[in-house]
Amino acid sequence: MNQADVIILGGGLVGSALAVALSAHGLGAIVIDIADPEVILAAGFDGRASAIASAPHRMLGAIGVLDRLAGAGCPIQGIRVSDGLDPGKLDFTPQDGETALGTMFENRLLRRALFEAAQAAPGVEVRMKTRAVSTVRDAHGVTVTLDSGDVIRAPLLIAAEGRNSPTRESAGLKVACWQYDHSAIVTSLHHEHSHENIAFEIFYPQGPFAILPLNDDAEGHRSAIVWSVKRHEAPGMVKLSERGFLAECDKKMGGFLGRLGPLGNRWSYPLGFHHAATITAERLALVGDAAHGIHPIAGQGVNVGFRDVATLVEVLVEGKRTGLDLGDPQLLARYERWRSLDTFMVAAATDGLTRLFGIPGKTANAARRFGLAAVDRLPPLKNRFMAEARGESGDVPKLLQGMMV
């Protein structure tokens with residue numbers, strides 16, 4: 001296939017989800033990615049786990065991806081936020097009749113499910129270990145020349161290449177970006193007591209410490225850990241003995257999950273922020289990390305990308321039905337307007353939280369605890385935060401409501 005409705009550069013979580021969602025609505029896509037499937041689908045490639053919020057979870061169900069993840073997800077039935085281990089907490093729990101706040105999936109399982117769904121989707125062609133060597137976008141459409149020598153064409157190009165998107169750079173789209181003086185240590189560990197499907201976010205001046213529920217395995221209860229440490233400390237934390245690392249985790253957790261261990265593999269990821277000023281150009285749209293990258297403090301990174309997917313699919317499907325060229329500036333302007341406020345607010349909120357909870361001192365500590373306790377006692381404000389976390393605030397695209405467009 002050398003002609004499609006869209007060409008997607010990048011076949012990661014967001015790019016694959018977009019291809020599957022478009023196919024479910026009768027639109028065709030060619031996905032181009034330089035990665036080797038045997039590498040990216042290997043168990044040791046990515047140790048992260050993602051909290052898929054309830055709205056993106058509904059989207060994955062609507063497009064058939066959840067069928068490939070049966071039994072793989074751990075429902076999040078509550079979220080507890082605290083400033084250190086002292087009082088002043090904020091608890092989020094579903095109301096009667098509501099679904100879980102989200103579902104934890106290990107990235108390796110989510111990636112495989114999306115990759116296989118894209119390969120199986122009618123009208124989708126996935127070309128791995130393939131590079132786009134030249135791209136032309138003009139009034140007539142998009143023409144991409146591949147390193148294989150093939151030339152592919154479509155009305156619209158989607159950049160889903162990640163935070164260092166070369167397509168975004170070549171289009172001249174300006175990006176606000178900076179690095180935090182932190183790296184995230186990511187691992188999983190077993191523990192004596194059940195997590196009871198509760199996610200914990202414990203804030204320390206040195207950085208947040210998140211405990212995210214995973215499904216039990218043969219060795220017992222299990223959680224994912226995302227621990228933000230000073231960047232210069234990360235290599236030492238990764239190399240620390242298992243006993244030493246578990247002892248440090250126990251200090252951060254205060255022992256409420258009982259005896260810890262065994263410990264899974266450890267990975268370290270530098271943390272940064274970037275946000276594209278505009279996410280469209282001539283016959284081009286950005287999705288996922290190509291458009292925005294945020295601190296994992298609120299677990300919203302991939303969820304914001306899936307919200308991009310749901311919005312762009314709705315815009316393109318409705319445009320196709322009305323006979324518009326899928327690269328029409330009107331459609332791209334609608335996508336830009338729909339996503340711009342949401343992505344900016346999420347980016348600003350996560351960056352603000354990172355800085356707020358990083359302020360040392362007893363006064364700042366007392367103010368944060370007072371604020372958490374106050375929000376916990378104000379149901380309207382608390383419900384607003386929960387709607388944001390679920391991905392259900394504002395003008396919600398149909399796919400995020402679990403409906404086809």
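Every value quoted in this text rests on a predicted model; they were computed, and no experiment measured them.
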Are there more than 12 heavy atoms of other residues, nucleotides or ligands under 6.0 Å from atom CG of Leu146?
yes

Show every donor-acceptor pair shorter than 3.5 Å between a side-chain atom in residues 8-32 and any protein atom, with sequence neighbours excluded, or say none if there are none.
unit_1, atom_1, unit_2, atom_2, d
Ser16, OG, Gly11, O, 2.8
Ser16, OG, Gly12, O, 3.0
Ser23, OG, Pro122, O, 2.5
His25, ND1, Ala21, O, 2.8
His25, NE2, Val405, N, 3.0

Between the main-chain N or O of Ala51 and the side-chain N or O of Asn303, is there a donor-acceptor pair closer than 3.5 Å?
yes

Spatial distance of atom CZ (Arg307) from atom CZ (Arg339) [nearest 0.5 Å]:
6.0 Å

Apply the side chain to side chain contact (heavy atoms under 4.5 Å, CB included) test between Val6 and each candidate in Leu312, Leu157, Leu156; give the one that qualifies.
Leu156

Establish, from distance only, whether the side-chain atoms of Glu161 and Thr167 form a donor-acceptor pair under 3.5 Å.
yes

Without swapping roles, check the side chain of Ser50 against the backbone of Ile52 for a donor-acceptor pair under 3.5 Å.
no

Which residue pairs pass the salt bridge (charged side-chain N to carboxylate O under 4.0 Å, His left out) test with at least one member in residues 211-225, sequence neighbours excluded?
Glu106-Arg222, Asp217-Arg222

Residues that Asp33 engages under side-chain contact (heavy atoms from CB on, under 4.5 Å), provided they are two or more places apart
Ala35, Met128

Report yes if some heavy atom in the side chain of Leu271 is under 4.5 Å from a heavy atom in the side chain of Ser228; otherwise report no.
yes

Can you name the residues that form a ring-ring contact (aromatic ring centres under 6.0 Å, His included) with His195, not counting sequence neighbours?
His191

For the residue pair Leu214 and Ser223, what are the closest heavy atoms and their distance?
CD1-C, 3.8 Å

Asn2/Val151 under side chain to side chain contact (heavy atoms under 4.5 Å, CB included): CA gap, chis, key distance, verdict
CA-CA 7 Å; Asn2 291 321; Val151 177; over 6 Å; no

So Ser54 and Thr99, do their side chains get closer than 4.5 Å, heavy atoms only?
yes

Can you list the residues that meet the side-chain contact (heavy atoms from CB on, under 4.5 Å) rule with Glu282, with sequence neighbours excluded?
Arg137

Check ion pair Arg283-Asp138 (N to O, under 4.0 angstrom):
no

Output side-chain donor-acceptor pairs under 3.5 Å for residues 251-262, partner residues at least two apart or in another chain, one line each.
unit_1, atom_1, unit_2, atom_2, d
Lys251, NZ, Glu248, OE2, 3.3

Just jot down the side chain to side chain donor-acceptor pair (under 3.5 Å) partners of Ser134, sequence neighbours excluded, or say none.
Thr145

Sequence neighbours left out, cut at 3.5 Å: what donor-acceptor pairs do the side chains of residues 59-72 make with other protein atoms?
none

Determine, step by step, whether Val81 and Phe92 satisfy the side chain to side chain contact (heavy atoms under 4.5 Å, CB included) criterion, reporting the C-alpha distance in whole Å, the side-chain angles of both residues, the deciding distance to 0.1 Å, and the verdict.
CA-CA 8 Å; Val81 182; Phe92 296 103; 4.2 Å; yes

Passes side chain to side chain contact (heavy atoms under 4.5 Å, CB included), Arg266 versus Val186? Steps please.
CA-CA 6 Å; Arg266 280 167 275 175; Val186 176; over 6 Å; no

Supply the atom-to-atom distance Asn265 CG to Ser188 OG, rounded to the nearest 0.5 angstrom.
8.0 Å

Main-chain N/O of Leu286 paired with Tyr335 side-chain donor or acceptor, under 3.5 Å:
yes

Heavy-atom neighbours of His193 NE2 exceed 12 at 6.0 Å:
yes

To the nearest 0.5 angstrom, please state how far the CG atom of Asp91 sits from the CD1 atom of Ile198.
8.0 Å

Enter the distance from Ile7:CD1 to Leu284:CG here, rounded to the nearest 0.5 Å.
11.5 Å

For residues Thr93 and Gln77, determine if any side-chain heavy atom of one lies less than 4.5 Å from a side-chain heavy atom of the other.
no

Within a strict 4.5 Å, meaning less than it, do heavy atoms of the Leu263 and Thr187 side chains meet?
yes

On a heavy-atom basis, which atom in Gly305 and which in His292 lie closest, and how many Å separate them?
N-CE1, 4.2 Å

Check Ser82 against Gly84 and note the closest heavy-atom contact, atom names and distance.
OG-O, 2.8 Å

Under a 4.5 Å cut-off applied to non-hydrogen side-chain atoms, are Arg108 and Asp46 in contact?
no

Evaluate the side chain to side chain contact (heavy atoms under 4.5 Å, CB included) criterion for residues Gln119 and Val124: first the C-alpha distance (whole Å), next the side-chain angles of each, then the deciding distance (0.1 Å), finally the verdict.
CA-CA 7 Å; Gln119 285 192 310; Val124 174; over 6 Å; no

Distance, nearest 0.5 Å, that separates CE of Met1 from CD of Glu125
5.0 Å

Hey, are the side chains of Glu201 and Arg80 touching, using non-hydrogen atoms and a 4.5 Å cut-off?
no

Ring centers of Phe245, Trp227 separated by less than 6.0 Å:
yes

Is the closest side-chain heavy-atom distance between Val126 and Phe115 below 4.5 Å?
yes

Heavy-atom nearest pair, Met104 first then Leu212, reads CE-CB, 3.7 Å

Hits for side chain to side chain donor-acceptor pair (under 3.5 Å) against Asn215, two or more places apart or cross-chain, chain-then-number order -> none

Which heavy-atom pair separates Ala291 from Ile279 by the least distance, and what is that distance?
CB-CG2, 3.7 Å

What heavy-atom pair brings Gly327 and Leu332 nearest, and what distance separates the two atoms?
O-CD1, 4.0 Å

Are the side chain of Asp147 and the backbone N or O of Thr130 linked by a donor-acceptor pair below 3.5 Å?
no

Please identify each residue that fulfils side-chain contact (heavy atoms from CB on, under 4.5 Å) with Trp338, with sequence neighbours left out.
Thr311, Glu314, Val315, Arg334, Asp395, Pro397

Quick one: does Asn197's side chain have a donor or acceptor within less than 3.5 Å of a partner on Pro75's backbone?
yes

Taken in chain and number order and not counting sequence neighbours, the residues that satisfy side-chain contact (heavy atoms from CB on, under 4.5 Å) with Lys230 are Asp181, His182, His232, Glu233

State whether the side chain of Arg168 and the backbone N or O of Arg163 hold a donor-acceptor pair below 3.5 Å, judged by distance alone.
yes

Cation-pi check, Arg231 to Tyr180: give yes when NZ or CZ is under 6.0 Å from the six-membered ring centre and within 45° of the ring axis, no otherwise.
no

Is any side-chain heavy atom of Ile225 closer than 4.5 Å to a side-chain heavy atom of Ile211?
yes

Drop me the distance from Ile40's CD1 to Arg112's CZ, to the nearest 0.5 angstrom.
9.5 Å

Which pairs pass salt bridge (charged side-chain N to carboxylate O under 4.0 Å, His left out) with one or both residues in residues 237-247, sequence neighbours excluded?
none

